[in-house]
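The structure appears right after this line, and notes come after that.
Naming: A, B, ... by sequence-line order, numbering from 1 per chain.
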Number of protein chains: 2
Amino acid sequence: MTYTRSVPNPEALALDAGLFHLRQLAYLREVARLDGFTRAAEALGVSQPALSQSLADLERRLGVPLFEPDGRHRRLTDEGREVLAFAERALSDLAALRERLDARRRGEAGLLRVGMIDAASLYVLPEVIRRYRLQHPEVELSLVVDTSTELTARLRAFELDLVFVVGAPADSDLRADEVLREPLYVFGPPASRLRTPPADADWVLYPAGSRTRAVIDAGLASLGIAPRVALESHNPEVLRQMVALGLGWTVLPLPVAEERSAGRAPRLRQGPLVTERSLVGVRRRAENARVEAFLALARERHEDAPDTSK
Amino acid sequence: MTYTRSVPNPEALALDAGLFHLRQLAYLREVARLDGFTRAAEALGVSQPALSQSLADLERRLGVPLFEPDGRHRRLTDEGREVLAFAERALSDLAALRERLDARRRGEAGLLRVGMIDAASLYVLPEVIRRYRLQHPEVELSLVVDTSTELTARLRAFELDLVFVVGAPADSDLRADEVLREPLYVFGPPASRLRTPPADADWVLYPAGSRTRAVIDAGLASLGIAPRVALESHNPEVLRQMVALGLGWTVLPLPVAEERSAGRAPRLRQGPLVTERSLVGVRRRAENARVEAFLALARERHEDAPDTSK
DNA sequence: GACCGAGTATAAGTCATGGTGATGGAAGAA
DNA sequence: TTCTTCCATCACCATGACTTATACTCGGTC
């Protein structure tokens with residue numbers, strides 16, 4: 001399609017003809033406030049003819065006289081007062097908008113939708129959430145717990161702003177920063193006298209296809225183990241319970257295996273280190289002050305806290 | 001004072017930096033509505049680069065990103081949605097303003113402040129007022145009755161929009177049109193057997209200095225009468241009553257002298273024609289549709305009505 | 001009544017702005 | 001891959017907005 005200057009879209013022309021510059025409203029407001037073109041021009045830092053022309057243009061665009069002569073003065077007409085009311089409303093609305101935008105830019109307001117895998121939600125981030133809420137009370141924080149894959153998809157679909165997942169996505173419009181490196185250990189049934197799993201052991205693991213499972217499989221392989229999987233679950237609590245019941249062996253982060261409710265259940269038998277999984281904070285490329293503030297807290301906590309991996 | 005371009009008023013600069021063109025808001029709205037720069041540009045009748053630049057400028061002025069990349073699309077950010085809300089509010093407010101202004105321009109709405117001398121309010125204009133209210137129900141009509149001199153002053157002071165007074169003012173920024181020529185007759189006490197006043201008659205007249213009085217004095221002089229004034233009043237009812245009580249002679253328009261409440265009072269004795277006074281509609285030079293509509297009704301009534309002067 | 005100061009409009013020139021068309025890059029589809 | 005879609009960037013040009021200088025109009029003054 002071509003755009004010709006000489007034959008513009010007529011309805012667009014009609015539309016445009018009535019739209020003017022907000023500056024003109026500011027001019028009108030100042031002229032009304034100071035009751036005079038000359039004074040207003042001086043206050044606004046423009047020449048008097050500039051004001052005169054600008055307001056004449058506004059009158060043309062609105063199709064009504066805004067001023068009527070009163071000696072050598074010009075006085076607002078009724079119509080002018082109507083337009084003035086509009087101007088003051090619009091300009092103060094704009095100022096309010098600016099304030100809100102500034103608050104958002106500083107990360108002090110708005111909506112922040114965070115997704116995290118269950119391990120993160122259980123052991124790593126509750127303290128971060130608490131502190132973020134304290135520091136940014138105007139931010140509406142919404143939390144989602146799901147799998148890494150699902151969370152990343154929802155981040156990409158603009159349904160979430162920040163996700164804490166396992167492993168960085170190979171995607172150029174997502175940015176990732178590591179928050180935590182979490183060692184994963186083999187755990188066996190409490191009754192087992194072995195510290196390492198037998199070759200014919202049954203395994204209770206994260207589901208095939210999950211990111212943590214991929215990391216675990218690689219780690220087990222490096223230990224010479226090809227696990228026979230008896231049960232799969234995304235829920236680490238389920239895995240721990242199954243092992244506690246003697247159903248097989250598993251691979252878990254330490255804090256999960258030592259979960260408090262384990263006080264009642266028998267303690268799992270800890271085996272060798274398998275691998276580390278990396279918990280990363282992922283967000284879209286576009287900068288968002290709320291996202292960055294949350295992520296900064298998460299990283300800071302990691303550095304401050306005594307090493308949770310031992 | 002001189003205006004230098006290189007050293008503008010800094011606060012005015014800061015102010016101006018944040019003010020943009022309403023067109024940019026319309027662009028934003030259309031992009032949001034059609035979800036795409038290219039489609040919006042086509043709908044708006046401008047080129048796609050024009051839109052792209054215009055919205056980039058808007059982002060700069062507001063200091064926040066309005067869009068974030070989503071594949072080859074651009075998607076509104078939260079901030080963008082805030083600005084969009086502002087845009088829709090401002091543009092619809094503007095549309096509403098336009099409607100009100102149009103109504104005013106057509107004389108269908110607004111405020112109309114009319115002043116009239118008592119004779120006009122009593123005998124000439126009630127019907128006009130009734131019909132105007134019927135035809136322009138949205139116009140807020142406010143009425144003031146006072147002397148010609150006072151009304152003209154208030155018209156000049158922008159406290160009234162239209163006045164019906166005696167005699168046109170010699171003033172270039174007021175416009176006057178005659179509505180009615182009203183004959184003035186001598187009236188004597190009911191008891192009098194004379195049809196013309198005796199040379200030693202007492203007179204009861206409009207106050208010296210009033211316009212009607214000036215007209216009357218001139219008329220009486222042409223009849224060879226230099227009236228000895230016993231009582232003055234702006235109120236023609238008062239004049240009529242005093243004559244009815246036999247206090248003296250007066251000069252009045254016919255309808256006043258024949259006022260209905262005169263049914264109880266004795267009828268005045270009508271004397272010779274003295275002069276005519278001219279009732280004119282006066283308004284400021286600046287055009288005002290409401291004023292002109294009212295005045296048109298007043299003139300029309302005059303032409304339609306059977307001659308009230310006989 | 002001519003003159004002057006105040007307040008605004010108009011004129012002519014300059015620079016900024018916003019437009020156009022052409023082109024380029026990046027992402028999704030074939 | 002190549003094509004298509006969508007937006008950004010570029011160079012150029014028309015328009016618009018601002019500048020200074022000047023004219024006009026009104027009200028006050030000698």
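Remark: Glu108(A) engages Arg106(A) in a salt bridge (Lys or Arg N to Asp or Glu O under 4.0 Å) (not counting sequence neighbours). For His136(B), the ring pair (Phe, Tyr, Trp, His ring centres under 6.0 Å) partners are Tyr132(B), not counting sequence neighbours. For the salt bridge (Lys or Arg N to Asp or Glu O under 4.0 Å) test, residues two or more places apart in sequence or in another chain that qualify with Arg100(A) are Glu82(B). When the salt bridge (Lys or Arg N to Asp or Glu O under 4.0 Å) test is applied to Arg284(B), the partners found at least two apart in sequence or on another chain are Glu68(A), Asp161(B).
Contact check, Tyr27(B) against dG19(C): a side-chain N or O comes under 4.0 Å of OP1 or OP2.
Separating the CZ atom of Phe20(A) from the P atom of dG18(C) is a distance of 16 Å, rounded to the nearest angstrom. We find that CG of Leu58(B) is positioned 15 Å from P of dT17(C), with the value rounded to whole Å. Taking atom NE2 on His21(A) and atom C1' on dA16(C), their separation rounds to 11 Å, with Å as the unit. Between the CG atom of Leu55(B) and the C1' atom of dG19(C) there is a distance of 14 Å, rounded to whole Å. We find that CG of Leu44(A) is positioned 10 Å from P of dC18(D), with the value rounded to whole Å. A straight line from CD of Glu42(B) to P of dT20(C) spans 13 Å, rounded to a whole angstrom. Atoms CZ (Arg75(B)) and P (dA27(C)) sit 16 Å apart, rounded to a whole Å. Residue Phe67(A) contributes atom CZ, which lies 15 Å from atom P of dG7(C) at whole-angstrom precision.
Taking the nucleotide of DNA chain D with the nearest heavy atom to each of Leu51(A) and Asp70(A), the more 5' of the two is matched to Leu51(A).
Side-chain atoms of Arg211(A) and Ser148(A) include no donor-acceptor pair closer than 3.5 Å.
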Can you give one letter per nucleotide of nucleotides 4-11 of chain D, 5' to 3': B if a protein heavy atom sits under 4.0 Å from the base, S if only from the sugar-phosphate, - if neither?
BBSBBBB-

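Applying the ring pair (Phe, Tyr, Trp, His ring centres under 6.0 Å) definition to pairs two or more places apart or across chains, those involving residues 41-88 of chain A are Phe37(A)-Phe67(A).
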